[in-house]
Amino acid sequence: MTPDSAVQLKKLGYDCVIETGAGKAAGFSDDAYRASGVEVVETAAALFATVDVIAKVRPPEPAEVERLSSGKTLISFFYPAQNKDLLEQAKSTGANVIAMDMVPRISRAQKMDALSSMANIAGYRSVIEAGSNFGRFFTGQVTAAGKVPPAKVLVIGAGVAGLAAIGTATSLGAITYAFDVRPEVAEQIESMGAEFVYLDFAEAQDGAATGGYAAPSSPEFREKQLAKFRELAPEIDIVITTALIPGRDAPKLWLADMVAAMKPGSVVIDLAAERGGNCDLTVPDQKIVSDNGVTVVGYTDFPSRMAAQSSTLYSTNIRHMMTDLTPAKDGKLVHNMEDDVIRGATVTYQGEITFPPPPPKIKAIAAAKPKEKAKELTPEEKRANEIAAFKAQTKSQVGLLVVATLLLLFVGAYAPESFMGHFIVFVLACFIGFSVIWNVSHSLHTPLMAVTNAISGIVILGALLQVGSSNWLVVILASLSVLIATINIVGGFLVTRRMLAMFQKS
């Protein structure tokens, strides 16, 4: 809870309580909570006894689970697949437990996806941590003291943490490479300014799996993957590994021989250290230096190293979860097990274990559909298509000319000679104007403005020639033409000016 999220929770009809000092490390004082209408209690035991809904960050300790009772709800990270005994203990209390790590990765649940929120922070922090251990610039520089080459960064895994790391590294000026087994993320990586590392692999490999995570790779694909990493290792200065699926051990992707091939002073940041690490040399919660001078960082608390930001995002995730649990906004919690998000995140409900949840109805990331290659036409087929297109165009143009000629003959048979001269000029002007404007690409709005301004200029010239007419109706129509064409020209210049300003730096 933060003071801001407490205000939002009160709007849902809840009274908020917090343990004293809970927000201190994140920069939120007890007085700031009191100012937001939050009651501050002295101990965690007093808090558990007072409230109906308890929100935590880390999984509860067994002693904390003992404080739960029927009717209470616990919302926290829980990792039920790894904490079976804790799950059984929670079941025996009769309390409802919502695991924030089990929120399904579907579009509607993104606002509650605490794993993504924390992964985003971990990805950002990993680059900052790498920079503090690297000892050189990320960006290249040419100075009076010499030339500094840019750092080369390789990000393995382009999930939420990986994309955050890619964005941070590229913004700092590093040459960034990224790899992922899911082909659909290649465009995301390249759009962020990084280079996607492709493998020379004969069979199509689609690593997308249900739930928004990558699926395990085949042995053949893994060998190609490791061979590519060995090829890149001597050139890379910083490696950030993010390959991790909750509930599984981290795959080994950056092996000891790859670390040995890296330059002294290089850095490996392993975001999967909590589950064994993607690097052979990773030691959880420690930073070590290899024999050849490569720093391997295995911290498991990257989000906690940015406590203020983590607290802000996690409290927002909790608030959105409480919003879904309070549909009437009356301070009464409704645990709707028909709701896909609430059902997926609930691990115990009314004395029963509800883990694992049913599989998601839709894939979080749809598998990329293979693009059909355009059929290569032979020279004979191309020539035949061109002839057919020319004949069709000629036929339509000749037909249009015949119809226009018949109409002119019909009008000429009854209209006076003086009228026909003006009428033919009018028809030709309409035809030319239509052809000119219709052939301008829709994306070229500024040239289109230029064309319409030119046509409006012609209208003004024609109208000025008619203003001196002795017929009052002609004078009025000419004056209106000058007015409207002037408005069109001025408006065209103003629109063009504004469009050009969109592409200029202020």
Side-chain angles (χ1 to χ4, degrees), residues 1-2 5-6 8-9 11-14 16 51-60 68 71-83 86-87 90-91 94-121 159-161 208-214 244-248 303 310-366:
M1 184 189 296
T2 63
S5 72
Q8 301 299 322
L9 289 169
K11 290 179 180 178
L12 293 175
Y14 291 102
C16 299
V51 303
D52 302 303
V53 181
I54 301 100
K56 286 185 85 275
V57 179
R58 296 287 184 179
L68 296 174
K72 290 187 182 292
T73 299
L74 172 69
I75 304 176
S76 75
F77 283 98
F78 201 90
Y79 305 110
Q82 295 98 287
N83 295 314
L86 204 61
L87 195 62
K91 169 192 170 183
N96 304 327
V97 177
I98 295 176
M100 293 302 290
D101 51 285
M102 290 300 297
V103 171
R105 283 192 157 178
I106 58 177
S107 298
R108 188 169 65 84
Q110 287 181 353
K111 60 186 179 182
M112 296 169 256
D113 190 354
L115 281 177
S116 293
S117 299
M118 298 304 105
N120 182 23
I121 296 171
V160 176
T210 300
Y213 297 99
L244 181 64
I245 301 175
R248 299 182 187 176
S310 300
S311 297
T312 300
L313 294 186
Y314 185 59
S315 66
T316 303
N317 295 142
I318 295 290
R319 175 173 64 80
H320 284 305
M321 178 62 76
M322 291 301 299
T323 301
D324 273 28
L325 289 167
T326 320
K329 297 183 180 181
D330 56 356
K332 296 180 180 178
L333 191 141
V334 178
H335 206 110
N336 180 14
M337 292 296 276
E338 298 299 317
D339 185 292
D340 291 339
V341 178
I342 295 173
R343 173 64 187 88
T346 302
V347 293
T348 68
Y349 180 64
Q350 296 182 348
E352 297 292 333
I353 292 176
T354 57
F355 173 82
K361 296 176 182 176
I362 58 172
K363 287 189 175 183
I365 299 178

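Predicted, not measured: the structure shown is a model, and the values here were computed from it.
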- Could you walk me through whether Ile75 and Leu325 pass side chain to side chain contact (heavy atoms under 4.5 Å, CB included), step by step? CA-CA 11 Å; Ile75 304 176; Leu325 289 167; 4.2 Å; yes
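Annotation for Ala99 and Val347: closest pair CB-CG1, 3.9 Å, computed over non-hydrogen atoms. Listed here is the closest heavy atom pair of Ser116 and Arg105: OG-NH2, 3.2 Å. The two residues Pro356 and Arg343 make their nearest non-hydrogen contact at O-NH2, 4.2 Å.
Rounding to the nearest 0.5 Å places CE of Met322 at 13.0 Å from OG of Ser315. A distance of 10.0 Å separates CD1 of Ile98 from OG of Ser76, quoted to the nearest 0.5 Å. Rounding to the nearest 0.5 angstrom, the gap separating the OG1 atom in Thr2 from the CD atom in Gln8 is 9.0 Å. For the atom pair CD1 (Ile342) and CE (Met321), the distance works out to 7.0 Å, reported to the nearest 0.5 Å. Atoms CD1 and OG1, from Ile54 and Thr73 in turn, are 7.5 Å apart once rounded to the nearest 0.5 Å.
Applying the ring-ring contact (aromatic ring centres under 6.0 Å, His included) criterion to Phe78, with sequence neighbours excluded, gives no partner residue. Under the side-chain contact (heavy atoms from CB on, under 4.5 Å) criterion, Ala6 pairs with Met1, Cys16, Val38, not counting sequence neighbours. With sequence neighbours excluded, the residues satisfying side-chain contact (heavy atoms from CB on, under 4.5 Å) with Ser117 are Leu313, Asn317. Partners of Val341 according to the side-chain contact (heavy atoms from CB on, under 4.5 Å) rule, which considers only residues two or more places apart in sequence or in another chain, are Val103, Pro104, Ile106, Arg108, Ala109, Met112, Asp339. Partners of Lys91 according to the salt bridge (charged side-chain N to carboxylate O under 4.0 Å, His left out) rule, which considers only residues two or more places apart in sequence or in another chain, do not exist here. With sequence neighbours excluded, no residue forms a ring-ring contact (aromatic ring centres under 6.0 Å, His included) with Phe355.
The stretch residues 347-356 participates, sequence neighbours left out, in no side chain to side chain donor-acceptor pair (under 3.5 Å) pair at all. Applying the side chain to side chain donor-acceptor pair (under 3.5 Å) definition to pairs two or more places apart or across chains, those involving residues 326-336 are Tyr14-Thr326, His335-Thr346. The ring-ring contact (aromatic ring centres under 6.0 Å, His included) analysis of residues 101-120, with sequence neighbours excluded, yields no pairs.
Checked by atom type and distance alone, the side chain of Lys72 pairs as donor or acceptor with a backbone atom of Val51 at under 3.5 Å. Between the Tyr314 side chain and the Lys56 main chain, a donor and an acceptor come within less than 3.5 Å of each other.
Side-chain contact between Leu68 and Leu74: present, with at least one pair of heavy atoms (C-beta onward) separated by less than 4.5 Å. At a threshold of 4.5 Å between non-hydrogen side-chain atoms, the residues Leu333 and Asn96 do not count as touching.
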